[in-house]
Number of protein chains: 2
Amino acid sequence: MSISRSGTQKNRQNSKRTTIYDVATVVGTSPSTVSSVLNGTWKKRRISQKLADQILLEAQNQDYSVNMQASMLRRERSRIVGMIIPKYDNRYFGAIAEQFETMARQHGLFPVITCTRRDPELEIEAAKALLSYRVDYLIATGSTDPDSISRLCQDAGVRVINLDLPGTLAPSVISDNYQGARHLTSVILDQCFKDFGRSEPLTFIGGRGTDHNTAARVSGFIDAHQEKGIVLRETSIQTCGYAAEKAEHTLALLDKTQLKGLFVNSTITLEGVARWLWNNEPSFVTQVRYGCFDWDPFAAQLPNNVGMAQQDVIPMLEAVFEMLEQTSVTSGVHQISCVFRPGAAFRLES
Amino acid sequence: MSISRSGTQKNRQNSKRTTIYDVATVVGTSPSTVSSVLNGTWKKRRISQKLADQILLEAQNQDYSVNMQASMLRRERSRIVGMIIPKYDNRYFGAIAEQFETMARQHGLFPVITCTRRDPELEIEAAKALLSYRVDYLIATGSTDPDSISRLCQDAGVRVINLDLPGTLAPSVISDNYQGARHLTSVILDQCFKDFGRSEPLTFIGGRGTDHNTAARVSGFIDAHQEKGIVLRETSIQTCGYAAEKAEHTLALLDKTQLKGLFVNSTITLEGVARWLWNNEPSFVTQVRYGCFDWDPFAAQLPNNVGMAQQDVIPMLEAVFEMLEQTSVTSGVHQISCVFRPGAAFRLES
DNA sequence: TAAGTTTGCACAATCGATTGCGCAATGTTG
DNA sequence: CAACATTGCGCAATCGATTGTGCAAACTTA
C-alpha cells in the first residue's frame, strides 16, 4: 500500500463510509482484488473462491457500498438513464414515470426523472443537468422543443429518444393520436345521436394548434365528422391551450345552445370543462355529452362522460427501451394505438 | 502538463466531452485555474478577470459541461437530495414529487426521486441505491418501514427525514390526520343529517389499521361521532387495505341499508368505492353521501361527494427543507393541518 | 534599493473505483 | 527435470475535478 493511501486511512476515521481500501486492509489483500470481487468481475480475473468469500464477508461486516461517483468516473458508461417529463400530476405522465422506472431497473439502468413543468427553459436546463451527470441515455417526454434537446445530446454523444411529442432529430414514440381521436369522436357523435336524436358537430376544446399531437387529433376529429357527413362550424375547433382556466373561459364565450357534444383534448382541459359544466344551471349538464383524450379513473366516472382515449403507456415505453438498445439512430416516429375506455354507464338525463 | 495528462489528451479525441484539461490547453493555462473559474471560486483564488473571461469563453466554445461524477467524487458533499415515494399516480404523491423537485432546486440541490410502488423490499433497495449515489439527504415518503431506512442512513451518516408516515429514528413531517379526519367526518355527518333527516354512523373504509395515519384518522372519525352523540356499529370501521378492489369487495359484503354515509380513507380506495356505487342500481347512488381523505380534482366533482381533506403539500415540504438545514437531529413529529375542500355543489337526489 | 506585500497563477495530491499488465507460484507435459 | 501453461493476485495508471500550498512577478513602503 502506497504512502498516499495510508494517509487516506487516517481520514477514513472521520467519514463513516468504508472503501475498497478499508476492506482490502482488513482482509489483507489489494484494493483491485476487492473491487473485482465486489463488482462481479472476479472469475474473469481468476480470484480464488476462498478469497472472494472472505472479501464478500468483510464487505458485509463493514456495510460497504460502492461509491457510484468513483465507479462511474472510471467506467465508460454510467448506466443512468434520464427522463424529463412535464408534470407528475396526471395519470398519463404519472404512469409514464412509474413504468419508466420499473423498466429501467429491469434493464439494469438507474432512472433519474426530472419534472420540467412545461417550462421550455427548464427543459433545457434539466437536459443539461442530466448530461452533466453523464446519463447514458435521455428520454425527452412531451418537450416543447425536442430538437434542441436532441442537439444537446448529440453534441454530448448521448442517445436521446422523444416520447409523447415527436421531434425530427431523434427517434420518437408517440400515440396514434389521429386514430384515437377519430374513434373517440365517432363514439361521442353516436352517443349524441342516440340521446338527442340529431347529428350536430362536436366542439373540440383544448391543446395548442401548433403542437403535433393536437394537430393529429384535430385531423381525426375532422375526418370522423366527414365520415358521418356532419359539417363542422367555424367555432367547432377551440385549441385554446391546455390549461383548465382557458377552457373554462373559452366555453363561457361560446353559444351554449350549440354545445351538445364536446371533444376534450386532455384531462387537464377536462378539469376546466367539468368545472364549467357543474357551475352552469344543473339541468344543463344533462344536455351535454363529452369524451376526453387521456384517461383518468375519476374523470371516467363523471356523469355523461362517454369515454376516454387512453394512451397505452406500457407499449410506448417498451418501444422506447427497444430503441435504446438499437445501434442505428433512425429518427422515425413510432406510433402506438390508444385504448378506448368507455365512460361511466351512469348518465344524467333531463 | 504531466505525461499522464498528455496521454489523456489523446483519448479525448474519441470521446466527445471536453474537460478542464482541454480548455486549459487551448487557453494556455492550468486545469486548476480552469476549474476554479468554472465553479465560481476564482475570485477567492485571485484569478484575473481577463483570464477568467478567456476561460469562460473557451469553455462555451467547447460546449464544456462539468463531469458531476468527478466533481462530486472530489468534494465532500454531492448536493443531491434523494426521495423515495410509493407512487406517482395520484394527486397527493404527484404533488409531493413536483413540489419537492421545485424546492430542492431552489435550495441548490439536485433532486432524485425513486418510486417504490409500496414494496418494502424495493424501499430498502432504493434507499441503498441512493446512498450509493452518495445523496446528502434522503426523504423517505410514505415508507412502510421508515426506521430501517433511517438506520441505513445513520450508518452512512446521511440525514434522513420521514414524510407522510412517521418513524421513531428520524424527524417526521406528516399531516394532522386526526383533525383532518374529525372535521371531514363531522361535515359528512352534517350533510347526511341535512339530506336524510337522521343521524346514523358513517362507515370508515380503506387503509391499514396498523398504519399510523389510518389509526389517527380512525381516532378522529370516532371522536367526531362521539361529539354528536352518534354511536358506531361494529361494522363501522373497515380498514380493509388501500387497494380499490379490496374496498369494492368489502362494501359488497356489507348491509347496504346501513351504508348512507362513507368516510373513504384515500383516493385509491375511493376508486373502488366509486366503481361499487356506480355499479349498483342507479337509484342507490342518490341515497349515499361520502367524503374522502386526500384530494383529487375529478373525484371532487363526482356526484354526492361531500368534500375532501386535502393534505397541504407545500407547508409539508417547507417543513422538510427547514429540517434539512437544521444541525440538530431531533426526531419529533411535525404535523401539518389539512385543508378541507368541499365537493361538487352537484347532488344527485332521488 | 532592500524588505515586505500583494497579485496571479501553477503544482501535485486527492477523492474511490476500474482495469491492463506483469509476475510469482503451482501444475502439466515430454 | 526442463520447458511450458495455468492459476492467483498485486501494481500502478487512470477517470476529471477540487484545493492546499508554493512561488515568481509586480507593487508598496521605508
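For clarity, every value in this text was computed on a predicted model and none was experimentally measured. Residue numbering restarts at 1 for every chain, and letters A, B, ... go by the order of the sequence lines.
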A.B. asks: Applying the side chain to side chain donor-acceptor pair (under 3.5 Å) criterion to Y88(A), which one of E101(B), Q99(B), E98(B) satisfies it?
C.D. replies: E101(B)

A.B. asks: Counting only side-chain nitrogens and oxygens, does Y64(A) get under 4.0 Å of the OP1 or OP2 atom of dA17(C)?
C.D. replies: yes

A.B. asks: Taking N and O atoms by type only, does the side chain of R75(A) place a donor or acceptor under 3.5 Å from a partner on the base of dT18(C)?
C.D. replies: no

A.B. asks: Describe the nucleic acid contact of V66(B) in one word from base, sugar-phosphate, nothing, applying a heavy-atom distance below 4.0 Å.
C.D. replies: sugar-phosphate

A.B. asks: Give L38(A) one of three labels, base, sugar-phosphate or nothing, depending on what nucleic acid heavy atoms sit under 4.0 Å from its own.
C.D. replies: nothing

A.B. asks: Given dG16(D), dG8(D), dG16(C), which nucleotide is nearest the side-chain atoms of R74(A)?
C.D. replies: dG16(C)

A.B. asks: With DNA chain C as reference, determine whether I47(B) or M72(A) sits nearer its 5' end, using the nearest nucleotide of each.
C.D. replies: I47(B)

A.B. asks: Out of dT7(D), dG8(C), dT19(C), which nucleotide sits closest to the side chain of R46(A)?
C.D. replies: dT7(D)

A.B. asks: Please work out if S48(A) contacts a base, only the sugar-phosphate, or nothing of the nucleic acid, heavy-atom cut-off 4.0 Å.
C.D. replies: sugar-phosphate

A.B. asks: With respect to the side chain of L73(A), which nucleotide from dT18(D), dC9(C), dC15(D) is positioned closest?
C.D. replies: dC15(D)

A.B. asks: dT19(C) P sits how many Å from W42(A) CH2, rounded?
C.D. replies: 17 Å

A.B. asks: Regarding S71(B), tell me which of base, sugar-phosphate or nothing describes its non-hydrogen contacts under 4.0 Å with the strands shown.
C.D. replies: sugar-phosphate

A.B. asks: Could you please name the option among dG20(C), dT19(D), dG8(C) that lies closest to any side-chain atom of R45(B)?
C.D. replies: dT19(D)

A.B. asks: If you look at every heavy atom in G167(B) and P146(B), which pair is closest and at what distance?
C.D. replies: CA-CB, 4.1 Å

A.B. asks: For the base of dC11(D), is there a side-chain donor-acceptor partner from S32(A) under 3.5 Å away?
C.D. replies: yes

A.B. asks: In whole Å, I'd like the distance from the CG atom of N67(B) to the P atom of dT14(D).
C.D. replies: 17 Å

A.B. asks: Per the atom types in the model, does the base of dG16(D) pair as donor or acceptor with the side chain of R134(A) at under 3.5 Å?
C.D. replies: no

A.B. asks: Return yes when atom CD of E121(A) has more than 12 non-hydrogen atoms of other residues, nucleotides or ligands closer than 6.0 Å, and no otherwise.
C.D. replies: no

A.B. asks: Under 3.5 Å, is there an N or O donor on one side and an acceptor on the other linking the side chain of S30(B) and the base of dC9(C)?
C.D. replies: no

A.B. asks: Return no unless some side-chain N or O of T33(B) is found under 4.0 Å from OP1 or OP2 of dA10(C).
C.D. replies: yes

A.B. asks: Please find the pair of heavy atoms, one from M72(A) and one from S78(A), that lie closest to each other, and give the distance.
C.D. replies: CE-CB, 3.6 Å

A.B. asks: Are any of T29(B)'s side-chain N or O atoms less than 4.0 Å away from OP1 or OP2 of dA10(C)?
C.D. replies: yes

A.B. asks: Are any of N39(A)'s side-chain N or O atoms less than 4.0 Å away from OP1 or OP2 of dT18(C)?
C.D. replies: yes

A.B. asks: If we ignore angles and hydrogens, is there a donor and acceptor under 3.5 Å between the side chains of E322(B) and H334(B)?
C.D. replies: no

